[in-house]
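Below you'll find the structure, written out as structure tokens, and then a few comments.
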Amino acid sequence: MICYSIGSCALGQLLVAWSDRGICAVGLADTPDQLILSLQANFADHSLQNIDPVDSPYFSTVHRFIEAPSSSPPDLPLDLMGTEFQRRVWRALMEIQPGNTVTYSALAQKIGNPSAVRAVANACGANRIATLVPCHRVVRSDGATGGYRWGSARKQTLLAREATTPDH
DNA sequence: AAGCCCATCCGAA
DNA sequence: TTCGGATGGGCTT
């Protein structure tokens, strides 16, 4: 069973989903329908239950974090559902500080698999937990921002917000 | 087990 | 600036 709540935030509609082990998805989209559809696609083998944001154990904290882009991430339990390789990549992502960026190839080096650049990019794209697992801080080595599951416009917005607001 | 997809990178034209 | 090949993990058949 996976529960989820949806509400508005500065970047559009915000979805926070959680299992009994912690947050398993954070999504951004233009409409609630898009969020629900992708949630269903991602967790086709689970039953889903919509919860009012007011009654969610996580929604308000995640929402607050997204509204204050450069603050340090809240210490909430995450349910990282993926392969060993993906979890290695995701944990490395969580070490990137706000305002900093890393290239896909540097990230590949960091996890000790320097030639697996595209595999690392795929693992970033497989991340379902927006902003809490900061895959938006990974950019291409040619200076382009690269792709983003929730829209490259949002990736650029996130990076701009973190770059312009000091962390203390 | 074999094929295809991919949010990359680098060198060559 | 574009283009092709190398590349490795994940998913489907």
Side-chain angles (χ1 to χ4, degrees), chain A residues 1-2 4 6 9-19 21-48 62-63 65-66 69-70 72-73 76 78-165:
Chain A
M1 159 88 77
I2 287 174
Y4 67 95
I6 295 178
C9 74
L11 283 83
Q13 293 297 305
L14 169 69
L15 170 143
V16 178
W18 63 96
S19 68
R21 306 171 48 150
I23 294 174
C24 61
V26 171
L28 295 163
D30 294 336
T31 70
D33 279 357
Q34 294 170 6
L35 289 169
I36 293 172
L37 283 174
S38 64
L39 189 70
Q40 287 168 345
N42 270 296
F43 299 99
D45 47 342
H46 293 73
S47 61
L48 304 175
V62 174
H63 182 272
F65 171 63
I66 290 193
S70 68
S72 45
L76 298 175
L78 300 184
D79 186 358
L80 264 29
M81 298 177 32
T83 65
E84 280 304 306
F85 180 83
Q86 288 169 335
R87 293 153 71 101
R88 266 217 309 285
V89 172
W90 297 340
R91 286 189 216 288
L93 287 179
M94 289 187 274
E95 292 173 13
I96 311 173
Q97 297 307 118
N100 289 349
T101 59
V102 164
T103 64
Y104 289 96
S105 53
L107 188 56
Q109 307 238 355
K110 191 173 183 179
I111 65 161
N113 210 336
S115 62
V117 184
R118 297 205 54 183
V120 164
N122 283 337
C124 292
N127 172 39
R128 289 184 281 277
I129 308 181
T131 66
L132 263 36
V133 178
C135 63
H136 61 278
R137 302 194 186 125
V138 191
V139 299
R140 293 172 48 135
S141 54
D142 65 4
T145 50
Y148 194 53
R149 181 174 182 169
W150 298 283
S152 17
R154 285 199 182 87
K155 183 172 186 175
Q156 287 165 22
T157 302
L158 285 166
L159 290 173
R161 280 154 54 107
E162 294 182 359
T164 51
T165 315

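Residue numbering restarts at 1 for every chain, and letters A, B, ... go by the order of the sequence lines.
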**OP:** Can you sort out which residues in residues 137-147 of chain A have a heavy atom within less than 4.0 Å of DNA chain B? Ascending by number, please.
**Re:** A/R140, A/S141, A/G147
Original post:
Out of B/dT8, C/dG9, B/dA7, which nucleotide sits closest to the side chain of A/Y148?
Top reply: B/dA7
**OP:** Rounded to the nearest 0.5 Å, what's the gap from CD1 on A/I6 to CG on A/L35? Could you check?
**Re:** 5.0 Å
Original post:
Looking at A/D30 and A/R154, does any basic side-chain N land under 4.0 Å from a carboxylate oxygen?
Top reply: yes
Original post:
Counting side-chain heavy atoms from C-beta on, which of B/dA7, B/dC9, C/dT7 comes nearest to A/V117?
Top reply: B/dC9
Original post:
In Å and rounded to the nearest 0.5 Å, what is the CG to CZ distance from A/L28 to A/R149?
Top reply: 11.0 Å
Original post:
Tell me: CD of A/Q86 to C1' of B/dA7, nearest whole Å?
Top reply: 14 Å
Original post:
In whole angstroms, how far is the C1' atom of B/dA7 from the CD1 atom of A/I96?
Top reply: 14 Å
Original post:
Which is true for A/Y104 with a 4.0 Å heavy-atom rule: it touches a base, it touches only sugar-phosphate, or it touches nothing?
Top reply: base
Original post:
Roughly, in whole Å, what's the span from CZ in A/R118 to P in B/dC10?
Top reply: 14 Å
**OP:** Would you name the heavy atoms of A/M81 and A/R128 that are closest together and state the gap between them?
**Re:** O-NH2, 2.5 Å
Subject >> CD-CH2 distance between A/E95 and A/W90, expressed to the nearest 0.5 angstrom >> reply: 15.5 Å
Subject >> Short side-chain N/O contact from A/S115 to OP1 or OP2 of C/dG8, under 4.0 Å >> reply: yes
**OP:** Report the distance from atom SG of A/C24 to atom CG of A/L39, rounding to the nearest 0.5 Å.
**Re:** 7.0 Å
Subject >> Base-pairing mate for C/dT7 - Watson-Crick or G-U, with both contacts under 3.5 Å >> reply: none
**OP:** Starting at CG of A/L78, measure out to CZ of A/R87 and round the result to the nearest 0.5 Å.
**Re:** 10.5 Å
**OP:** Can you tell me the distance, in whole Å, between the CZ atom of A/R128 and the C1' atom of B/dA7?
**Re:** 16 Å
**OP:** Find the distance A/R88:CZ to C/dG9:P and express it as a whole number of Å.
**Re:** 8 Å
Subject >> Under-4.0 Å side-chain N/O to phosphate OP1/OP2 contact, A/N122 with C/dC11 >> reply: no
**OP:** Could you state the atom-to-atom distance from CZ of A/F85 to P of B/dC6 in whole Å?
**Re:** 17 Å
Original post:
Once you round it to whole Å, what is the distance between P of C/dG9 and CG of A/L107?
Top reply: 14 Å
Original post:
Rounded to the nearest Å, what distance is computed from the CZ atom of residue A/R149 to the C1' atom of nucleotide B/dA7?
Top reply: 11 Å
